[in-house]
Structures are given as structure tokens and as C-alpha cells.
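A short worksheet on the structure shown next.
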Amino acid sequence: MRVALKLKSLPFEEIPIDILSGEQFEPGYVAVNAERVVPTFVHDGHSLFQSLAIIEYLDETHPSPRLIPQDAKERAYARSLALMTIADAHPLVTPRVRNHLAKTFGADAHAIEAWGKHWTTEGLATYERFWLTVPRRRLRLAPSPASRTSALRVTSLPRNM
């Protein structure tokens with residue numbers, strides 16, 4: 001979310017949430033996000049979650065510059081890429097899945113690491129296959145910000161923006 005907000009030059013406040021320690025399950029965070037996931041985006045008193053929904057909201061409320069293409073085919077390709085991660089690969093390596101593997105199936109740290117590596121590798125392989133089939137002119141990746149952190153954050157725009 002931080003990248004999307006910076007690409008749009010929107011000011012925001014970041015509040016770190018430590019999902020490895022389970023901070024997302026604390027009552028204060030559950031009050032902000034009933035799904036108990038990150039990221040959460042708070043704007044004008046409304047909490048939004050799920051990255052793609054937040055990105056679409058930012059494009060609809062602050063249309064320039066676009067994060068998701070306006071052309072229907074290009075938009076479908078962009079959403080396909082996003083959904084490969086958020087629907088297929090990422091859910092299989094989240095802390096709640098890793099914890100469930102340990103508790104329900106007795107998986108040790110080595111097995112859980114192998115599980116995560118397998119699904120991350122599968123997800124990246126899917127990206128590679130996708131790039132081989134999509135016409136090169138369709139998707140253009142914008143330069144990324146210098147900061148490439150994977151920190152998970154709660155973000156908030158100032159009210160009445």
C-alpha cells in the first residue's frame with residue numbers, strides 16, 4: 001500500500017502491525033479490521049482491507065496517476081497478475097496457514113519452511129509463464145521506489161482529502 005500511496009503522492013500515516021507475533025488478533029486491531037489481516041487502509045473513518053480493493057479505491061478516488069490501466073484488456077491482465085499472488089500463492093504462506101500446519105499436522109519448522117518455499121516457487125513460476133504468454137506491449141511496469149521493504153503496515157489518509 002505504501003508504494004501505491006507514494007506513486008499517487010498522497011500523504012499517509014503508517015502504523016506497523018506485527019503479524020508474526022499475532023498483533024492483528026488484538027481487540028484494538030480487530031475493531032479496525034474484522035478480517036484481522038494487513039494491510040488496512042483507513043480513510044474518512046472507513047476501514048478498507050485487501051490490497052487490490054484498496055488500490056481500486058485509490059484509483060477511483062484519486063484517478064491520477066493510474067495504478068490500474070483503464071483499458072479493459074490491460075486491466076484484466078493487471079488484475080490477473082495481482083490475483084495470482086493474492087488468491088493463489090500468498091494465502092498458502094501466511095502466518096495463520098503456517099501455524100495451522102504446525103498445530104493440526106504437527107509440521108516442524110523445516111516442513112513449514114519447505115511448504116513456504118514450494119508455494120512461493122510455484123507462484124513465481126506462474127508469473128514467468130504468464131509473462132511468456134502476454135503480449136509484451138500490454139503491461140508496462142513503472143519504476144519502483146528506492147525503498148523495497150516488505151513491512152506490513154496500516155495506512156491512513158488525512159480526513160476529507
Side-chain angles (χ1 to χ4, degrees), residues 1-8 10 12 14-25 29 33-41 47-60 62-155:
M1 297 318 335
R2 179 173 29 177
V3 171
L5 291 162
K6 286 188 176 194
L7 286 171
K8 288 191 171 282
L10 296 172
F12 59 95
E14 297 178 58
I15 303 167
I17 301 297
D18 184 354
I19 63 171
L20 296 178
S21 70
E23 189 177 350
Q24 72 276 23
F25 299 110
Y29 189 73
N33 184 326
E35 190 180 10
R36 305 178 303 188
V37 297
V38 292
T40 298
F41 178 74
S47 293
L48 306 172
F49 31 94
Q50 294 298 338
S51 298
L52 190 55
I54 295 167
I55 288 170
E56 288 179 352
Y57 175 81
L58 289 173
D59 261 358
E60 290 168 11
H62 299 85
S64 183
R66 299 283 310 168
L67 299 174
I68 299 174
Q70 287 186 312
D71 177 79
K73 287 179 185 161
E74 290 184 22
R75 190 170 53 250
Y77 284 129
R79 283 188 177 134
S80 293
L81 277 171
L83 289 168
M84 281 179 211
T85 299
I86 61 179
D88 294 338
H90 180 262
L92 298 171
V93 297
T94 62
R96 63 182 168 186
V97 169
R98 292 193 315 255
N99 291 337
H100 184 72
L101 289 170
K103 289 177 186 170
T104 304
F105 303 107
D108 63 11
H110 177 73
I112 293 169
E113 181 180 340
W115 168 275
K117 183 177 179 179
H118 170 78
W119 290 113
T120 300
T121 301
E122 285 293 315
L124 292 172
T126 301
Y127 263 70
E128 288 176 356
R129 288 189 304 273
F130 179 84
W131 284 114
L132 292 174
T133 62
V134 174
R136 294 276 183 226
R137 61 176 171 44
R138 286 281 182 225
L139 293 176
R140 293 171 301 280
L141 299 179
S144 62
S147 172
R148 292 179 182 249
T149 179
S150 61
L152 301 169
R153 308 282 185 186
V154 178
T155 56

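Note that the numbering runs from 1 along the sequence shown for the chain. None of these values were measured; they are calculated from a predicted model.
Here the CZ-CD1 distance, from Phe25 to Ile19, works out to 9.0 Å after rounding to the nearest 0.5 Å. Rounded to the nearest 0.5 angstrom, Ile17 CD1 and Arg36 CZ are separated by 14.0 Å. The line from CG of Leu67 to CG of Leu5 is 8.5 Å long, rounded to the nearest 0.5 Å. In this structure, CE in Met1 is found 11.5 Å from CD in Glu14, a value given to the nearest 0.5 Å. In this structure, CD in Glu60 is found 12.0 Å from CD1 in Ile55, a value given to the nearest 0.5 Å. Atom CD in Gln50 sits 15.0 Å away from atom CZ in Phe41 (nearest 0.5 Å).
Two residues are said to be in side-chain contact when any heavy atoms from C-beta on lie closer than 4.5 Å; Pro95 and Leu20 meet this criterion. No side-chain heavy atom of Asp88 sits under 4.5 Å from any side-chain heavy atom of Thr126. For the pair Thr40 and Gln24, the minimum side-chain heavy-atom distance is 4.5 Å or more. Side-chain contact between Asp59 and Lys8 is present, with at least one heavy-atom pair separated by less than 4.5 Å.
The two residues Asp18 and Glu23 make their nearest non-hydrogen contact at N-OE1, 2.9 Å. Closest heavy-atom contact between Ile112 and Ala102: CD1-CB, 3.8 Å. Of all heavy-atom pairs between Ile86 and His90, the closest is CA-CB, 4.4 Å. Between Ile68 and Arg75 the shortest heavy-atom distance is CG2-CG, 3.2 Å. Residues Ala82 and Leu52 come closest through the heavy atom pair CB-CD1, 4.2 Å. Pro91 and Val97 get closest at one heavy-atom pair: O-CG2, 2.9 Å.
Atom CD of Glu113 sits in a sparse spot, with 12 or fewer heavy atoms from other residues, nucleotides or ligands closer than 6.0 Å.
Taking Glu56 as the reference, Arg79 meet the side-chain hydrogen bond (donor to acceptor under 3.5 Å, both in side chains) condition, with sequence neighbours excluded. Listed by chain and number, the residues in a side-chain hydrogen bond (donor to acceptor under 3.5 Å, both in side chains) with Ser80 amount to none (sequence neighbours excluded).
Using a distance-only test at 3.5 Å, with no hydrogens or angles considered, a donor-acceptor pair links the side chain of Trp115 to the main chain of Leu92. Judged by distance alone, the side chain of Tyr127 and the main-chain N or O of Leu81 form a donor-acceptor pair under 3.5 Å.
Here side-chain hydrogen bond (donor to acceptor under 3.5 Å, both in side chains) pairs that include residues 100-110, with residues two or more places apart or in two chains, are His100-Thr104.
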